[in-house]
Engineer: 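Following this message is one structure expressed as structure tokens.
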Amino acid sequence: MERDVSEILFSEEVLREKIEQLGDKITKEYQGKELIMIGVLKGASVFMGDLMRRIKIPVTIDFIAVSSYGLSTESSGVVKIIKDLDDSIEDKHVLIVEDIIDTGLTLHYLCENLLSRKPKSLKICTLLDKPERRKININVDYKGFDIPDEFIVGFGIDYAEKYRNLPYVGVLRREIYE
Ligand code: IMP
Ligand code: MG
């Protein structure tokens, strides 16, 4: 599995430090508010688990699953909800937790969809961002790292459902998907 990775971008240690900083920031900014964290399955699951443990105010969590690339490495732009939220978000402060923003199509769709449910506020937290690849503007409120236009895996992020359990974020060798 590790042989398929050409370079480690962010080690466990570096990820831990960054997530601690994000958690502190979110803790401060949502002080006195009731926060619902919404993890986007499956990629954000690892980040979500670490991030919520760094947030020192009461939170509730929920998950949503949207259609992904399948076996390809390109976003189709067609987004479908595969698993919806369990609970209403009406009048609640909502934070979407995402693994990576690429074209932005997935999050754009998700934000429109969630906004129609009338939350009190809606913000976005992503671990990784590939700003060069953006096709549609997204306002990111909390971000871990910008990354170059390369296909990455690990720390929850997959290629064809594999590599999610790598404890770091690494670049997938081109031979694997080309
Ligand atoms: P977008 O709609 O193009 O912004 O794609 C967002 C989703 O595509 C993310 O939630 C990831 O699941 C997936 N994705 C984007 N870039 C990568 C990558 O480099 N490796 C693995 N998955 C990715
Ligand atoms: Mg994915």
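Just follow the structure's listing: the first ligand is 1, and inside any ligand the first atom is 1.
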Engineer: So does D4 pair up with R173, basic N to acidic O under 4.0 Å?
Structural biologist: no
Engineer: Between R134 and D129, does at least one N-O distance fall below 4.0 Å, as a salt bridge requires?
Structural biologist: yes
Engineer: Within the 4.0 Å heavy-atom shell around F151, which atoms of ligand 1 are there?
Structural biologist: 17 (C), 18 (C), 19 (O), 20 (N), 21 (C), 22 (N)
Engineer: Would you say D62's side chain and D87's backbone share a donor-acceptor pair under 3.5 angstrom?
Structural biologist: yes
Engineer: Is the ring centre of F10 less than 6.0 Å from the ring centre of Y168?
Structural biologist: no
Engineer: Under 4.0 Å from a heavy atom of D158: give me the atoms of ligand 1 that qualify, with their elements.
Structural biologist: 21 (C), 22 (N)
Engineer: Tell me whether D141 is salt-bridged to K25, with the criterion being a basic N under 4.0 Å from an acidic carboxylate O.
Structural biologist: no
Engineer: Could you list which atoms of ligand 1 come closer than 4.0 Å to a heavy atom of I157?
Structural biologist: 20 (N), 21 (C), 22 (N)
Engineer: Would you say CD of E29 has more than 12 non-hydrogen atoms from neighbouring residues, nucleotides or ligands within 6.0 angstrom?
Structural biologist: yes
Engineer: In terms of atom number and element, which parts of ligand 1 are under 4.0 angstrom from non-hydrogen atoms of E150?
Structural biologist: 19 (O)
Engineer: Hey, looking at atom 7 (C) of ligand 1, which of I100, V40, D129 has the closest heavy atom?
Structural biologist: I100
Engineer: Yes or no: does K130 have any heavy atom under 4.0 Å from an atom of ligand 1?
Structural biologist: yes
Engineer: Between the candidates T106, L127, I138, which shows the shortest non-hydrogen contact distance to atom 2 (O) of ligand 1?
Structural biologist: T106
Engineer: Indicate, as side chain, backbone, both or neither, the part of V153 found under 4.0 angstrom from ligand 1 when only non-hydrogen atoms are considered.
Structural biologist: neither
Engineer: Provide the number and element of each atom of ligand 1 under 4.0 Å from a heavy atom of E98.
Structural biologist: 10 (O)
Engineer: Could you check whether any heavy atom of G104 sits closer than 4.0 Å to an atom of ligand 1, since that is the contact criterion I want to use?
Structural biologist: yes
Engineer: Would you say I101 and ligand 1 have an N/O pair spaced under 3.5 Å apart?
Structural biologist: no
Engineer: Hey, what do you get for CD1 (I138) to CD (E98), rounding to the nearest 0.5 Å?
Structural biologist: 10.0 Å
Engineer: Is any side-chain heavy atom of Y142 closer than 4.5 Å to a side-chain heavy atom of L51?
Structural biologist: no
Engineer: Does an N or O anywhere in I152 fall below 3.5 Å from an N or O of ligand 1?
Structural biologist: yes
